[in-house]
Amino acid sequence: MKLTVSKSKNSASFYVQKTIRKPNGSVTTITIEKLGNLTEVTAKAGGKDPYVWAQEYVNALNRREYDENKEILISYSPSKLLKKDEQKLFNCGYLFLQKIYYHLGLDKICGEIASRHSFAYDLNDILSKLIYTRILFPSSKLSSNKQAANFIEQPTFELHDIYRALSVLSEENDFIQAQLYKNSQNVLARRKDILYYDCTNYFFELEEADELRRYGKSKQHQPLPIVGMGLFMDYDGIPLAFDIYPGNKNEQPTLKPLEKKVIRDYGLGQIVVCTDAGLSSKANRKFNDLTVKGIPVRSFLTTQSVKQLPDDLKAFALDPDGWHLPGSDEIFNLNDVDETRDYHKIFYKDRWIKEDLSQRKIKSGAKPLEQHLVVSFSPKYKHYQRKIRNGQIERAKQLIDSGNYKQRPKNQNDPHRFIYREKATADGELCTEEIVCLDTGTIQEEERYDGFYAVCTNLDGIGVDEIIRINKKRWEIEECFRIMKTDFKARPVYLQTEAHIRSHFLTCFLSLVIYRILEKELNEAYTCEEILDTLKHMVMARPGEKLGYTPVYTRTNLTDALHESAGFRTDYQIITDVNMRKVIRASKKKK
């Protein structure tokens with residue numbers, strides 16, 4: 001770098017400039033910094049000659065650049081032992097999560113919470129480390145405390161501080177969620193008009209139930225007490241809000257309380273709530289059927305079981321005649337559809353109805369709920385269902401041949417539902433031997449519905465293709481649950497108190513929000529497994545004190561994408577302590 005002075009008749013301007021070589025080989029001079037005019041530089045010089053001060057300033061910049069870019073030689077001796085207890089390896093993958101953590105203002109949220117409580121520990125440090133370890137090294141709180149020591153920035157807390165902080169986080173749960181949503185709108189545009197809601201549950205390693213952890217129907221088929229979780233997600237797949245409830249509680253009543261809280265705390269206006277058939281009770285549909293002065297304020301869009309439709313609507317849905325393709329007026333008969341040629345097409349038929357789809361009689365004087373029933377048929381979906389069922393049929397045959405079949409309740413995925421057992425003849429006499437065979441009647445009945453899928457909505461004024469498009473995004477909330485359960489290992493849970501359990505799921509929720517935003521910043525070009533595995537193995541070695549850090553991970557397209565999205569780099573051959581401090585500051589820079 002050099003000092004350049006541009007003089008005019010009445011003054012002079014001082015610049016720090018540098019000559020660089022372009023990729024095409026040509027040389028050009030660029031301005032690094034404008035120091036100001038003669039009056040401004042004289043003021044900065046503090047009594048020195050402005051020209052002398054400016055040259056000394058440029059010399060200092062050159063020395064700093066030399067120190068930062070000079071080659072570093074590290075010597076090793078085969079006769080010297082390592083120092084005891086000296087840590088050599090550090091994870092730097094958490095820095096990319098930290099960038100999003102600070103963009104979301106979670107540090108300020110922790111600061112505001114700290115102002116309302118009296119504690120000595122650093123809540124921001126505890127919460128951030130719990131989130132980073134939940135994403136990268138999911139484990140117990142004890143193990144997370146140990147794993148946090150693998151980060152370049154060492155934890156400032158002890159294990160007992162974590163458990164004390166969990167109680168505070170539980171108390172501030174609603175505040176954190178509401179503030180997080182508010183802050184997230186500064187990070188990315190969030191669609192507020194379409195929300196997705198679903199429930200799951202988590203099992204606990206204990207035998208005695210309590211007020212929260214109750215015996216219920218576990219989605220993991222574990223005979224252990226469980227806790228349920230309800231989760232709202234926005235249209236872009238970013239989690240919005242969550243709550244937990246006792247494991248023996250029905251899922252359907254959990255929708256309204258959390259939705260009311262979201263509307264109140266998040267300031268939402270017109271919304272469409274999308275759910276699956278298990279949550280589409282009559283009460284939930286009516287709650288989301290609100291119009292004020294002719295403007296729909298709350299609407300619903302829910303899946304509808306074709307099997308459970310009233311007989312007249314079921315006949316309408318399965319009738320092969322009267323089908324359409326989105327955007328076309330042509331009418332199709334499904335018997336004429338070439339399922340190989342039209343494999344990826346989705347056919348539909350629809351009807352506005354005024355009846356209770358639960359097949360219950362409407363009370364006298366009650367206003368019927370007007371709904372738009374949309375039934376779709378997909379050859380691809382039909383092929384998928386047949387493939388899954390054929391595998392279940394094969395397992396049923398193997399159970400019959402081996403004699404290992406059991407008498408137990410049959411669910412929709414259990415191959416036992418295809419096993420027919422008969423202990424009496426047609427005349428009602430007892431058989432000397434039990435008759436066990438494949439239940440072809442059940443198979444044929446299920447095949448009637450292959451490829452068919454239905455949704456119900458009270459949305460008016462939008463096309464069927466838009467209804468189908470909105471509903472297709474519902475799979476992402478299932479993906480959220482899969483990430484929490486499988487990748488973040490949110491289950492099983494070993495915590496005991498209700499406050500600690502709530503805080504555990506809060507950290508899982510916050511981790512999911514941060515991870516989902518990272519996915520968006522990477523343009524959803526990589527799988528969850530690829531991203532997490534890369535971050536986990538982004539390790540740096542520290543050769544010795546004051547010798548900086550050297551990356552010992554493989555540079556890939558994904559690591560390049562991470563650095564580009566974060567705005568800093570950790571993949572130089574060696575990073576001095578000065579430059580590493582700059583990287584850490586960049587990871588905490590506000591949006």
Side-chain angles (χ1 to χ4, degrees), residues 194-198 233 235 237 272-280 284-285 288 299-359 369-389 412-413 444-479:
I194 300 174
L195 309 181
Y196 298 84
Y197 183 75
D198 203 354
M233 179 192 80
Y235 183 78
V272 179
V273 176
C274 306
T275 64
D276 64 12
L279 289 158
S280 61
N284 286 342
R285 297 192 198 200
N288 284 305
S299 307
F300 67 83
L301 194 160
T302 182
T303 59
Q304 173 63 50
S305 170
V306 177
K307 294 179 184 179
Q308 296 179 6
L309 284 171
D311 291 341
D312 60 325
L313 291 178
K314 186 185 297 185
F316 163 76
L318 299 178
D319 187 347
D321 199 20
W323 294 82
H324 303 267
L325 285 173
S328 172
D329 294 329
E330 187 177 356
I331 299 176
F332 296 85
N333 187 298
L334 295 185
N335 293 331
D336 300 328
V337 169
D338 185 334
E339 295 187 2
T340 301
R341 181 194 61 201
D342 300 324
Y343 184 72
H344 293 284
K345 292 181 179 179
I346 298 178
F347 300 86
Y348 79 90
K349 61 167 54 176
D350 64 315
R351 175 188 290 181
W352 280 92
I353 56 176
K354 289 185 179 181
E355 57 184 290
D356 185 359
L357 296 182
S358 65
Q359 298 183 347
L369 180 62
E370 189 172 3
Q371 304 177 71
H372 190 183
L373 174 66
V374 179
V375 185
S376 63
F377 174 80
S378 166
K380 181 179 179 180
Y381 185 44
K382 177 181 178 180
H383 174 78
Y384 168 77
Q385 289 181 302
R386 291 277 170 93
K387 181 180 178 181
I388 296 297
R389 186 182 299 105
Q412 60 181 356
N413 294 313
Q444 292 173 357
E445 177 61 21
E446 287 193 10
E447 286 180 345
R448 292 180 61 205
Y449 303 96
D450 286 349
F452 293 95
Y453 187 88
V455 297
C456 270
T457 181
N458 58 347
L459 284 169
D460 196 5
I462 68 171
V464 171
D465 53 341
E466 177 70 4
I467 292 173
I468 294 174
R469 186 181 63 81
I470 293 173
N471 186 66
K472 283 177 70 175
K473 294 280 290 183
R474 202 173 51 79
W475 69 270
E476 291 198 52
I477 199 165
E478 296 289 349
E479 179 74 359

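Of the inter-residue distances, the one linking Y197 atom OH with I477 atom CD1 reads 8.5 Å to the nearest 0.5 angstrom. The line from CG of D342 to CG of L334 is 10.5 Å long, rounded to the nearest 0.5 Å. Remark: Q371 CD to L459 CG distance equals 11.5 Å, nearest 0.5 Å. The NZ atom of K314 sits 14.5 Å away from atom CG of D319, with the distance rounded to the nearest 0.5 Å. Residue S299 holds its OG atom at 10.0 Å from CD1 of I194, rounded to the nearest 0.5 Å. Note that CG of L373 and NZ of K349 are 10.0 Å apart. Values are rounded to the nearest 0.5 Å.
Among residues at least two apart or in separate chains, ring pair (Phe, Tyr, Trp, His ring centres under 6.0 Å) pairs with a member in residues 451-473 are W323-F452, F377-F452. Screening residues 451-460 for salt bridge (Lys or Arg N to Asp or Glu O under 4.0 Å), with sequence neighbours left out, gives no hits. Every pair passing salt bridge (Lys or Arg N to Asp or Glu O under 4.0 Å) that includes a residue from residues 465-478 is listed here, sequence neighbours excluded: E466-R469, K473-E476.
Shortest non-hydrogen contact noted between A277 and S305 is CB-N, 4.5 Å. Closest heavy-atom contact between Q385 and G451: OE1-N, 2.6 Å.
The salt bridge (charged side-chain N to carboxylate O under 4.0 Å, His left out) check on D276 picks up nothing, with sequence neighbours excluded. With sequence neighbours left out, the salt bridge (charged side-chain N to carboxylate O under 4.0 Å, His left out) criterion links E445 to R448. Shown here are the salt bridge (charged side-chain N to carboxylate O under 4.0 Å, His left out) partners of K382, two or more places apart in sequence or in another chain: E339. The ring-ring contact (aromatic ring centres under 6.0 Å, His included) search around F300 returns none, not counting sequence neighbours. Taking the side chain to side chain contact (heavy atoms under 4.5 Å, CB included) definition, one finds that E446 meets it with K307, R389, R417, F418, T442, sequence neighbours left out. Y449 is linked by a ring-ring contact (aromatic ring centres under 6.0 Å, His included) to nothing, counting only residues two or more places apart in sequence or in another chain. In this structure, the side chain to side chain contact (heavy atoms under 4.5 Å, CB included) partners of S328, at least two apart in sequence or on a different chain, are L325, E330. With sequence neighbours excluded, no residue forms a salt bridge (charged side-chain N to carboxylate O under 4.0 Å, His left out) with E447. Residues passing the ring-ring contact (aromatic ring centres under 6.0 Å, His included) test with W352 are H372, sequence neighbours excluded.
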>> Could you walk me through whether N333 and F347 satisfy the side-chain contact (heavy atoms from CB on, under 4.5 Å) test, starting with their C-alpha distance in whole Å, then the side-chain angles of each, then the deciding distance to 0.1 Å, before giving a yes or no?
In response: CA-CA 10 Å; N333 187 298; F347 300 86; over 6 Å; no
> Does the pair R285 and N458 meet the rule for a side-chain contact (heavy atoms from CB on, under 4.5 Å), with working shown?
Replying inline: CA-CA 9 Å; R285 297 192 198 200; N458 58 347; over 6 Å; no
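Looking at H324 and I331, their side chains come closer than 4.5 Å, going by heavy atoms from C-beta outward.
Counting non-hydrogen atoms of other residues, nucleotides and ligands closer than 6.0 Å to OH of Y384 gives a total of 12 or fewer.
Remark: the T275 side chain and the T302 side chain contain an N/O donor-acceptor pair separated by less than 3.5 Å.
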